[in-house]
Amino acid sequence: MPIPTRAAGLDALDDFVPRAGRAYARDRNLDLGLGPSRSNVSGLSPYLRHRLLTEQEVVGAVLDEHTLGAAEKFVQEVFWRTYWKGWLEQNPEVWRRYRLEVLDLLAGELPAGYEAAVAGRTGIDAMDAWVRELVDTGYLHNHTRMWFASIWVFTLGLPWQLGADFFYRHLLDGDAASNTLSWRWVAGLQTKGKTYLATASNISRFTDGRFSPSSLATTARALDEEPFPSRTPLEPDDVAGVVGDRAGLLLHEEDLEATSLLAEQPGLLGDVAAAAVAADPGDRSPAGVSDAVAYFTSASLEDAAERTRDASGRAAQVLTDAEPDSVVSWVLAEGLDTVVVPYAPIGPVHERLATLRPALASEGIAFVTVRRRWDSVAWPHASRGFFPFREKIPALVRQL
C-alpha cells in the first residue's frame with residue numbers, strides 16, 4: 001500500500017517523473033503483476049484522488065522534464081480523471097440514479113453468481129486473481145479494470161452497478177466520477193451503444209501470457225436505460241458565498257492540500273481563525289468500504305490536519321465524524337462566523353456538504369465553497385465525449 005502522506009506522494013512523483021515520457025507511452029498498458037514490474041505506471045492515483053498531490057503540480061513536474069508530445073499519454077491520463085468529474089458535474093442525476101440502484105440491489109436478493117464473483121470463486125483464473133489483488137492491495141491496473149468490468153457484465157451477466165460498487169469499496173483511488181462512468185462506458189451506456197469486449201488474446205498479450213481465460217463472451221450488446229435530464233450548468237464562480245470576519249477552514253477527503261487552494265484566492269480568508277478536517281464516514285457504498293480504503297483515507301486526513309495550521313499555528317482538528325452537529329459544535333466552540341470548504345465534486349462528500357449548509361445557516365454561519373482553477377478551466381469542456389475534450393488538452397495545459 002502506498003504511504004498515505006503528501007510527503008510520500010511527492011517522493012513517488014519525483015521517482016516517476018523520469019519515466020513519464022516515451023517509456024510510459026510504450027509500456028503503460030502492460031499488467032505484469034505485482035512488484036517491480038509495476039514501474040510502468042505512476043502509482044500516483046491514490047494521491048491525486050485525495051489531492052494530497054494536485055493535478056496541476058503533477059502535470060507541471062512532468063512537463064518540467066518532458067515535452068508535452070513525449071508525455072502526452074501520461075498527461076491525458078491525469079486529464080481523464082478531470083474529464084470524468086467535469087462530465088458528472090454537469091449530469092448529476094447519473095450519480096443519483098446509480099446510488100439508488102446500488103441500494104436497491106444490495107437490499108434485495110443478490111443475483112446468482114455475485115457472491116462467488118466478489119469472493120474470487122468464478123472459476124475464471126484471471127478474474128479470481130484480480131479479485132484477490134484488488135481486495136489485498138486496493139489497486140488494479142487501469143487496463144485490467146476494463147477487462148474485469150467487461151467480463152463482469154458480458155460473461156458473468158452481473159449488474160454493472162454492483163461491479164462499480166465492488167470497485168468503489170476497494171479501490172484506494174476510487175472516486176465517484178471515474179469509477180461510475182468508466183463502468184458505464186464498458187457497458188455501452190456512457191457512449192451510447194459503444195461497449196468494451198475483453199478477449200483472451202488481448203489479456204494474454206498485455207499480461208505477458210500470465211492469463212488467457214477461456215469461455216469469455218464473444219459479443220457485448222450495449223445495455224439500455226431510461227434517458228436523463230438535460231445537462232446542469234456549472235456554477236460560474238470559483239468562490240460561492242461571502243466570507244465574514246472570523247472564518248474557519250474545513251477540509252475533506254476530496255481535497256487535502258490547503259496551501260495551494262488558498263494561494264489561488266489571495267486575501268480570501270485573511271487569517272484562518274481555525275482549521276478542521278471532516279472525518280470520512282466510509283459512505284462510498286451502502287456496504288461501507290474496505291479496511292484498506294478506510295485506513296488510507298483516515299491516515300490521509302491525519303496527514304492533512306498536521307500540515308494545515310490556523311493563524312496561531314494550531315494544527316487542524318480532525319472531527320470525530322462528518323455529521324452536521326459535529327461541524328456546528330466545532331464552529332460554535334471556535335466562535336466562527338464562516339466556514340470555508342474546498343468545492344467537492346458530485347459524490348458522497350458533495351451530498352454531505354449539502355446537509356451541512358442548512359445546519360450552519362440555522363446558526364447564522366456562512367458557508368463558502370472554493371473551487372480550484374484547474375476544475376473551473378477544464379470542466380466546461382467536459383460536456384461531450386472524451387475525444388473532443390482531449391483535443392483541448394494542449395490549450396488547457398498552456399492556460400493552467
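The first residue in the sequence is number 1, and the count goes up from there. Predicted model, so just to flag it, every value in this text is computed and none were measured.
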S.K.: Y139 ring centre to R145 NZ or CZ under 6.0 Å, with the angle to the axis within 45°?
M.R.: yes
S.K.: Under a 3.5 Å cutoff, is there a donor and acceptor pairing between the side chains of D173 and S45?
M.R.: yes
S.K.: Compare every heavy atom of Y24 with every heavy atom of N40, then report the nearest pair and how far apart it is.
M.R.: O-CD1, 3.4 Å
S.K.: Consider only side-chain heavy atoms of I, L, V, M, F, W and Y, link residues closer than 4.5 Å, and tell whether L400 and Y343 are in one cluster.
M.R.: no
S.K.: So which pairs with a foot in residues 257-277 pass salt bridge (Lys or Arg N to Asp or Glu O under 4.0 Å), sequence neighbours left out?
M.R.: E257-R307
S.K.: Going by the rule salt bridge (charged side-chain N to carboxylate O under 4.0 Å, His left out), which residues pair with E302 if we only count those two or more places apart in sequence or in a different chain?
M.R.: none
S.K.: Please evaluate residues R97 and F228 with respect to the criterion side-chain contact (heavy atoms from CB on, under 4.5 Å), reporting the C-alpha separation (whole Å), side-chain torsions for both, the decisive distance (0.1 Å), and the verdict.
M.R.: CA-CA 9 Å; R97 186 184 295 180; F228 286 97; 3.3 Å; yes
S.K.: List in chain and number order the residues that pass side-chain hydrogen bond (donor to acceptor under 3.5 Å, both in side chains) with R49, two or more places apart in sequence or in another chain; answer none if no residue qualifies.
M.R.: E254
S.K.: Grouping I, L, V, M, F, W and Y whenever their side-chain heavy atoms are under 4.5 Å apart, do V102 and V186 come out in a common cluster?
M.R.: yes
S.K.: Between Y196 and W84, is there shared hydrophobic-cluster membership here, with clusters defined by ILVMFWY side-chain heavy atoms closer than 4.5 Å?
M.R.: yes
S.K.: Is the number of heavy atoms from other residues, nucleotides or ligands under 6.0 Å of L223 CG greater than 12?
M.R.: yes
S.K.: So, taking the atom named CG in D31 and the one named CG in L140, what distance separates them when rounded to the nearest 0.5 Å?
M.R.: 8.0 Å
S.K.: Around atom CZ of R210, are there more than 12 heavy atoms from other residues, nucleotides or ligands closer than 6.0 Å?
M.R.: yes
S.K.: Please determine if R184 and E225 form a salt bridge, counting it only when a charged side-chain N lies under 4.0 Å from a carboxylate O.
M.R.: yes
S.K.: Considering only NZ, NE, NH1 and NH2 on the basic side and carboxylate oxygens on the acidic side, decide whether R99 and E351 come within less than 4.0 Å.
M.R.: yes
S.K.: Between K85 and D375, does any side-chain N to carboxylate O distance fall below 4.0 Å?
M.R.: no
S.K.: Are any of the side-chain nitrogens in E77 or R81 under 4.0 Å away from the carboxylate oxygens of its partner?
M.R.: no
S.K.: Run the side-chain contact (heavy atoms from CB on, under 4.5 Å) test against D11 and tell me which residues pass, sequence neighbours left out.
M.R.: none
S.K.: Determine the interplanar angle of the F148 and W152 rings, folded into 0 to 90°, and report it as parallel if under 30°, tilted if 30 to 60°, perpendicular if over 60°.
M.R.: parallel
S.K.: Hey, mind stepping through W160 and Y98 against ring pair (Phe, Tyr, Trp, His ring centres under 6.0 Å) and telling me if it holds?
M.R.: CA-CA 10 Å; W160 73 268; Y98 158 74; 5.7 Å; yes
S.K.: Check whether any side-chain N or O of H141 sits under 3.5 Å from a backbone N or O of L30 as a donor-acceptor pair, and report yes or no.
M.R.: yes
S.K.: Can the ring centroids of H381 and F389 be said to lie less than 6.0 angstrom from one another?
M.R.: no
S.K.: Do the side chains of V239 and L336 join up, straight or via other hydrophobic residues, at under 4.5 Å, putting them in one cluster?
M.R.: no
S.K.: Please assess L216 against I151 for the test side-chain contact (heavy atoms from CB on, under 4.5 Å), listing each intermediate value before the final yes or no.
M.R.: CA-CA 7 Å; L216 300 186; I151 295 171; 4.0 Å; yes
S.K.: Of all the heavy-atom pairs spanning V368 and G241, show the shortest one and how long it is.
M.R.: CG2-C, 3.8 Å
S.K.: Would you tabulate the side-chain donor-acceptor contacts of residues 66-74 under 3.5 Å, counting partners in other chains and residues two or more places apart, or write 'none'?
M.R.:
residue	atom	partner	partner atom	Å
H66	NE2	V17	O	2.6
T67	OG1	A70	N	3.0
E72	OE2	Q76	NE2	3.3

S.K.: If you count every heavy atom of other residues, nucleotides or ligands that lies below 6.0 Å from R221 atom CZ, does the total exceed 12?
M.R.: no
S.K.: Out of curiosity, H252 NE2 to L319 CG, how far, rounded to the nearest 0.5 Å?
M.R.: 12.5 Å
S.K.: Looking only at heavy atoms, what is the nearest atom pair of I203 and A198, with distance?
M.R.: CD1-CB, 4.4 Å
S.K.: According to a 4.5 Å side-chain heavy-atom criterion applied to Ile, Leu, Val, Met, Phe, Trp and Tyr, with indirect links allowed, do L261 and Y47 form part of one hydrophobic cluster?
M.R.: yes
S.K.: So, using side-chain contact (heavy atoms from CB on, under 4.5 Å) as the criterion, who are the partners of R19 when residues are at least two apart?
M.R.: D15, F16, S39
S.K.: Of all residues at least two apart in sequence or in a different chain, which pass the salt bridge (charged side-chain N to carboxylate O under 4.0 Å, His left out) check with R205?
M.R.: none
S.K.: Which value, rounded to the nearest 0.5 Å, describes the distance between L256 atom CG and T5 atom OG1?
M.R.: 12.0 Å
S.K.: Distance check, rounded to the nearest 0.5 Å: M127 atom CE versus T122 atom OG1?
M.R.: 6.0 Å
S.K.: Would the number of heavy atoms belonging to other residues, nucleotides or ligands and lying under 6.0 Å from OH of Y295 be above 12?
M.R.: no
S.K.: Report the residues that fulfil ring pair (Phe, Tyr, Trp, His ring centres under 6.0 Å) with W130, sequence neighbours left out, ordered by chain and then residue number.
M.R.: W147, F211
S.K.: Carefully, step by step, assess R169 and S290 under the rule side chain to side chain donor-acceptor pair (under 3.5 Å).
M.R.: CA-CA 6 Å; R169 284 187 275 134; S290 70; over 6 Å; no
S.K.: Determine, stepwise, if the pair F206 / L32 fulfils side-chain contact (heavy atoms from CB on, under 4.5 Å).
M.R.: CA-CA 8 Å; F206 286 101; L32 303 179; over 6 Å; no
S.K.: Can R132 and D136 be counted as an ion pair, charged N to O under 4.0 angstrom?
M.R.: no
S.K.: Which pairs count as ring pair (Phe, Tyr, Trp, His ring centres under 6.0 Å) when at least one residue sits in residues 355-377, sequence neighbours excluded?
M.R.: F79-W374
S.K.: Are there more than 12 heavy atoms of other residues, nucleotides or ligands under 6.0 Å from atom CG of D64?
M.R.: yes
S.K.: Could you go through residues 273-283 and list every donor-acceptor pair under 3.5 Å that involves a side-chain atom there, pairing it with any protein atom two or more places apart or in another chain?
M.R.:
residue	atom	partner	partner atom	Å
D280	OD1	G282	N	3.0
D283	OD1	R352	NH2	2.9
D283	OD2	R352	NE	3.0

S.K.: Can you check side-chain contact (heavy atoms from CB on, under 4.5 Å) on L106 and L162, steps first, answer last?
M.R.: CA-CA 8 Å; L106 290 177; L162 289 181; 3.8 Å; yes
S.K.: Return the set of residues passing salt bridge (charged side-chain N to carboxylate O under 4.0 Å, His left out) with E57 (not counting sequence neighbours), or none when no residue passes.
M.R.: R6
S.K.: Under 3.5 Å, sequence neighbours excluded: what are the donor-acceptor pairs made by side chains of residues 320-327?
M.R.:
residue	atom	partner	partner atom	Å
D321	OD1	E323	N	2.9
D321	OD1	S326	OG	2.5
D321	OD2	S326	OG	3.2

S.K.: Return the CG to CD distance between L88 and Q190, rounded to the nearest 0.5 Å.
M.R.: 8.5 Å
S.K.: For A220, does its backbone N or O pair with a side-chain atom of T195 as donor and acceptor, under 3.5 Å?
M.R.: yes
S.K.: Any donor-acceptor pair under 3.5 Å linking the side-chain atoms of D175 with those of S178?
M.R.: yes
